[in-house]
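Everything on this sheet refers to the single structure shown next.
Every heavy atom of this structure was used, including side-chain atoms; hydrogens, water molecules and symmetry mates were not. From a predicted model like this one, the values you see are computed outputs, not experimental measurements.
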Protein chains: 2
Amino acid sequence: MAKARRVTSIDVAKEAGVSQTTVSYVLNNVPHQKISEETRQRIFAAVEKLGYTPSAAARTLRLGRSDIVLLLMPDLPLGSTAIELIEYLTAGLERHGLSVVTRIESGRTVATLWKDLAPAAVVSFAPVAKQHRADMRAAGTYVVNVWGDSDGEPNVMTRGQVRVGRMQIEHLVAQGHVRVGYAAPADARMRAFLDPRLEGVRQGCADHGLASPSVREVALDTEAAAAAARAWREEGVTAVCAFNDEVAIALLAGLRAAGLAAPADLAVIGVDDTPMARFAEPPLTTINQHMEAVAAELADTVLTGLERPDARRPAPPESATLVIRRSA
Amino acid sequence: MAKARRVTSIDVAKEAGVSQTTVSYVLNNVPHQKISEETRQRIFAAVEKLGYTPSAAARTLRLGRSDIVLLLMPDLPLGSTAIELIEYLTAGLERHGLSVVTRIESGRTVATLWKDLAPAAVVSFAPVAKQHRADMRAAGTYVVNVWGDSDGEPNVMTRGQVRVGRMQIEHLVAQGHVRVGYAAPADARMRAFLDPRLEGVRQGCADHGLASPSVREVALDTEAAAAAARAWREEGVTAVCAFNDEVAIALLAGLRAAGLAAPADLAVIGVDDTPMARFAEPPLTTINQHMEAVAAELADTVLTGLERPDARRPAPPESATLVIRRSA
DNA sequence: CCACCGTGCTGAATCGTATCAGCGGAGGGG
DNA sequence: CCCCTCCGCTGATACGATTCAGCACGGTGG
């Protein structure tokens, strides 16, 4: 069989008995171009009949930018929370004709990929050099930097993360704790999320007249975690907000190793509600972030940035809930 | 400032004082086109001087296929094992001019994305409808289906997964166990990995003259896991191979809830060596897969499939090791 | 001396879309 | 009756690469 030729807009034009220009106008809803309703329908019918799909490559070549949104993720395990976020974001943007692809970022190969894809927007959960960001913006790519480099860039995540930190403290205060600690991850790549969450905890402490939390790094290592636990105990700390469930679980393991028990000796609260959280010993109290809401907000930011104003929808108000188990 | 125009191969041609055709020949190493060494150098110099980068869109339009490799992942948490695999694969293919992007697959929107990207190859860890695969192949995309649908498609992962299952059994046998169980995940999306691993366990049992393993589903729920543990005990099972660390950790939680202890009452061995494995109670014995080797094999498959024969390198022989902790 | 061939290079067509500039005809105002 | 405007549509070009066909030139064989 002959190598099937692609169906082009010219084929559609022939089928509908109009010019290729008209087909393009109709399919792109070009404003200020009056096309009769009858012609429109003929064209849509032809598209349907021939199974026409526009060539993304040709579009990209002509317009200088594709309909792709590049999502940059750090080279860290993506928990169910992150996966959920990606899925909702993908679905949300797909609805507006944008395709999301993800790149797990380990180094500085973004530039190459960016040139290859010519994406309409880049959403980055991974750190990107300021220079790169500037280059992309200069070339017309809309860049959403989820990492708040505090340089006044659009940043949708920060606010929610602060709130998560506050929620941790609210629960501990409600349980009567007065002297609290904060378990930070040893992995520096987490900084972008650490900062706002910790800030939320600090704010919460201030609001309730508590002293600022005693911050310690808790490495993913039982001995190190045990040492941290003992140190907190000596300071009189009775409860610890962990950066996330992973850190929290490590800390629980450390407690057991140190012959201590949660929540009696030290209460622990995590963030994420990982599938593993319920199997911890004791089962982990944690904060469950509603990724659908977060993703919606993120999608909104992108669409607005790309000036597709038809897209706005109010973000659901509640975006996190407390999951009480036994560790705090 | 004037909107910076793109540097094209025509600019390079002018700078080097040759035709654009020649530039293309040189940059693509077109065989059977003799270009003098001197001209080559002039062109490379011009490329360097002007900072020329070929337009991927134009290439794609002309060739009908891009230099992108689309990696399809299921919408499951990507543990550090998976992330590592992705990273190594990305790095390995990048070396040969291929850009890897990932799509977290939840539904059937692959087709759209595939058309948008016109990828050179698709590597799928997620199930893809047979029809889709056929379409892609018909259009010239090289498809690697890691899910072995047993329809004779290239499948690099299966063999290694079988080996992993065997390794689990080897350890248990060495510990003197005779009657073993297999803890399967409740999530059906894991089937593709479950089947070969379980097959490996079965083979191992046969080799050592043991009865076939007693297979039970272990949901990620403490009560369900406890029930499964009790059931195995009643059968006389003394050790269980878990599908992965996640299932293994759930099972350990179930054991504690049932008042049983690992490994005395029931030994448990996982797969993956998740970061959480060492914090389990008791710390989990597991199999650590060497993703670098797996990724290398996968990259090799893709490159061979795309007929870039320069790329072959022998895959490292060892690709998994046993990590002994305390649960088995 | 002519025919022929290989070397090193060039001209022009092509991929499929978006968009600028313009064209015929109908209708209205003077 | 003529001019002008607006509607609905079309022709032609550009985007930036690959590649087919072919050209000039110098050397070699007959």
Given atom [atom1] of [X] and atom [atom2] of [N], what is their separation to the nearest angstrom?
| X | N | atom1 | atom2 | result |
| --- | --- | --- | --- | --- |
| A/Leu27 | C/dG16 | CG | P | 16 Å |
| B/Asp116 | C/dG16 | CG | P | 16 Å |
| A/Arg40 | D/dC7 | CZ | P | 14 Å |
| A/Glu38 | D/dG8 | CD | C1' | 12 Å |
| B/Asn28 | D/dG16 | CG | P | 17 Å |
| A/Asn29 | C/dT19 | CG | P | 13 Å |
| B/Arg6 | D/dC15 | CZ | P | 12 Å |
| A/Lys14 | C/dG16 | NZ | P | 12 Å |

Tell me if a side-chain donor or acceptor on [X] pairs with a main-chain N or O of [Y] at a distance below 3.5 Å.
| X | Y | value |
| --- | --- | --- |
| B/Arg103 | A/Val100 | yes |
| B/Ser80 | A/Pro77 | no |
| A/Thr301 | A/Glu297 | yes |

ask   = Tell me, for nucleotides 5-10 of chain C in 5' to 3' order, what letter each nucleotide earns: B for a base near a protein heavy atom under 4.0 Å, S for only sugar-phosphate near one, - for neither?
value = ---BBB
ask   = Given B/Ser66 and A/Asp116, is the side chain to side chain contact (heavy atoms under 4.5 Å, CB included) satisfied, shown in steps?
value = CA-CA 9 Å; B/Ser66 68; A/Asp116 274 11; over 6 Å; no
request  = Would you classify B/Leu63 as touching base, sugar-phosphate or nothing, given that sugar-phosphate means primed atoms plus P, OP1 and OP2, and contacts are heavy atoms under 4.0 Å?
outcome  = sugar-phosphate
request  = Determine the contact category for B/Thr8: base if any of its heavy atoms lies under 4.0 Å from a base atom, sugar-phosphate if only primed atoms, P, OP1 or OP2 are that close, otherwise nothing.
outcome  = sugar-phosphate
Between B/Thr112 and B/Thr109, a side-chain donor and acceptor under 3.5 Å = no
Stepwise side chain to side chain contact (heavy atoms under 4.5 Å, CB included) test for B/Leu93 and B/Leu303 = CA-CA 8 Å; B/Leu93 291 178; B/Leu303 290 167; 3.9 Å; yes
query = Can you name the side chain to side chain contact (heavy atoms under 4.5 Å, CB included) partners of B/Gln289, sequence neighbours left out?
reply = B/Gln161, B/Val164, B/Arg197, B/Val271, B/Asp272, B/Met291
ask   = Between A/Tyr142 and A/Thr304, does a side chain to side chain contact (heavy atoms under 4.5 Å, CB included) hold up when you go through it step by step?
value = CA-CA 10 Å; A/Tyr142 180 70; A/Thr304 310; over 6 Å; no
Pair A/Phe125-A/Leu78, side chain to side chain contact (heavy atoms under 4.5 Å, CB included): steps then yes or no = CA-CA 11 Å; A/Phe125 280 81; A/Leu78 299 180; over 6 Å; no
task = Residues of residues 44-56 of chain B with any non-hydrogen atom less than 4.0 angstrom from an atom of DNA chain D: list those, numerically ordered, please.
result = B/Tyr52, B/Thr53, B/Pro54, B/Ser55
remark   = Between B/Arg62 and A/Ile10, the residue closer to the 5' end of DNA chain C by nearest nucleotide is B/Arg62
inquiry  = With a 4.0 Å cutoff (strictly under), does any side-chain N or O of B/Arg59 reach OP1 or OP2 of D/dT18?
reply    = yes
